[in-house]
Amino acid sequence: MTTLREVLSRLSDHRGRSGRLYRLESIVMLVLLGFMCGRNTLAGVARLAKDLSPFQREALGFSRWRMPSHARERRPGN
């Protein structure tokens, strides 16, 4: 069975090198999780990200301590 991470890892990433601080599949999984939890804005998704446990952050493919912020998600070119 193919996992969601495997499917998302096949997405073409059109961001520039400076915009690739986080893996694209991790960002997409975080946004999907946020929307499924009722967050309907990127600011809401960012607030959810701050509340995730280190285990949950790692499960999404982020480091334990570093998560994308709302400002980074809105910056053109990222």
field: Closest non-hydrogen atom pair between Leu24 and Arg15, with its separation
entry: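 Leu24 and Arg15 have their closest heavy atoms at N-NH2, 3.3 Å.
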field: Which atom of Val31 lies closest to which atom of Val45, heavy atoms considered
entry: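 Closest approach of Val31 to Val45, heavy atoms only: CA-CG1, 4.0 Å.
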field: Partner residues of Thr3 under the side-chain contact (heavy atoms from CB on, under 4.5 Å) criterion, sequence neighbours left out
entry: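 Result, side-chain contact (heavy atoms from CB on, under 4.5 Å) vs Thr3: Arg5, Glu6.
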message: Gln56: which residues meet the side-chain contact (heavy atoms from CB on, under 4.5 Å) condition with it, sequence neighbours left out?
response: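 Partners of Gln56 by the side-chain contact (heavy atoms from CB on, under 4.5 Å) criterion, ordered by chain and then number, come out as Leu52, Ser53.
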- request: May I have all residue pairs that pass ring pair (Phe, Tyr, Trp, His ring centres under 6.0 Å) and include part of residues 40-62, sequence neighbours excluded?
  value: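 For residues 40-62, and leaving out neighbouring residues, the ring pair (Phe, Tyr, Trp, His ring centres under 6.0 Å) pairs sorted by first residue read Tyr22-Phe62.
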- prompt: If you measure from CG on Asp13 to CZ on Arg20, what distance do you get to the nearest 0.5 Å?
  reply: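 Asp13 atom CG to Arg20 atom CZ measures 4.0 Å (nearest 0.5 Å).
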query: Are Phe35 and Val7 co-members of a hydrophobic cluster defined by side-chain heavy atoms under 4.5 Å apart?
result: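 Unlinked, Val7 and Phe35 end up in two clusters.
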field: ILVMFWY cluster, Met36 and Leu60 together (side-chain gap under 4.5 Å)
entry: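 No, no single cluster joins them.
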field: Residue pairs fulfilling salt bridge (charged side-chain N to carboxylate O under 4.0 Å, His left out) with at least one residue in residues 46-63, sequence neighbours excluded
entry: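 Output for this query lists Glu58-Arg64.
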- prompt: What residue pairs, at least two apart or across chains, pass salt bridge (charged side-chain N to carboxylate O under 4.0 Å, His left out) with a residue in residues 36-45?
  reply: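 Passing the test, one end in residues 36-45: no pairs.
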- prompt: With side chains defined as the heavy atoms from C-beta onward, is the minimum distance between Ile27 and Leu30 less than 4.5 Å?
  reply: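 A side-chain contact under 4.5 Å is absent here.
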task: Write out all pairs satisfying side-chain hydrogen bond (donor to acceptor under 3.5 Å, both in side chains) with one or both partners inside residues 24-34, taking only residues at least two apart or from two chains.
output: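 Every pair satisfying side-chain hydrogen bond (donor to acceptor under 3.5 Å, both in side chains) with a residue in residues 24-34: Arg23-Glu25.
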